[in-house]
Structure formats: structure tokens, C-alpha cells
Amino acid sequence: MARNEIRPVLKLRSTAGTGFTYVTRKNRRNDPDRLGLRKFDPVAGRHVEFREER
């Protein structure tokens with residue numbers, strides 16, 4: 001099986017509406033749903049939720 005099928009590269013976009021993104025990988029077998037992480041948004045200057053976009 002190809003590397004990208006199990007662990008795809010995905011973008012995490014800020015829910016604060018600043019347009020800032022993080023790039024990460026995830027394991028589809030363990031987390032089939034969309035990923036949501038609380039990370040620092042330097043444009044907003046605070047921690048906000050970042051959600052997976054496809």
C-alpha cells in the first residue's frame with residue numbers, strides 16, 4: 001500500500017478566520033474522522049481550534 005493512502009498530508013485551517021494553516025499528517029486507520037486540534041494562531045495572537053480541510 002502506498003505511503004500517502006494510510007498517512008495523508010492534510011492542512012489544518014484556523015477557525016478564527018485568519019486563513020492561517022498548519023500542515024501535518026494523520027493515520028486514517030486510527031482517526032477516520034476529521035481532525036481538530038487547538039493550536040496557536042500567530043495572526044490572531046491566541047490559541048484557537050484548527051480543523052482539517054480537504
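Sequence positions, counted from 1, serve as the residue numbers for this chain. Computation of the quantities below employed the complete heavy-atom set of this structure, encompassing side-chain atoms and omitting hydrogens, waters and symmetry-equivalent molecules. Please read all numbers here as calculations on a predicted model, not as lab measurements.
Through side-chain heavy atoms spaced under 4.5 Å, either directly or across other Ile, Leu, Val, Met, Phe, Trp or Tyr residues, Tyr22 is tied to Leu10, Leu12, Phe20, Leu35, Leu37, Phe40, Val43, Val48, Phe50. Its side chain within the 4.5 Å cluster rule, Val23 clusters with Val9 among the Ile, Leu, Val, Met, Phe, Trp and Tyr residues.
A distance of 11.0 Å separates CD1 of Ile6 from CZ of Arg25, quoted to the nearest 0.5 Å. Here the NZ-NE2 distance, from Lys39 to His47, works out to 8.0 Å after rounding to the nearest 0.5 Å. One finds the CZ atom of Arg7 at 11.0 Å from the NZ atom of Lys26 (value rounded to the nearest 0.5 Å).
In this view, Arg13 and Glu53 satisfy the side chain to side chain donor-acceptor pair (under 3.5 Å) rule, not counting sequence neighbours. Applying the side chain to side chain donor-acceptor pair (under 3.5 Å) test to Thr18 and every residue at least two apart in sequence or in another chain returns Asp41. The side chain to side chain contact (heavy atoms under 4.5 Å, CB included) search around Asn30 returns Asn27, not counting sequence neighbours. Applying the salt bridge (Lys or Arg N to Asp or Glu O under 4.0 Å) test to Arg51 and every residue at least two apart in sequence or in another chain returns Glu49.
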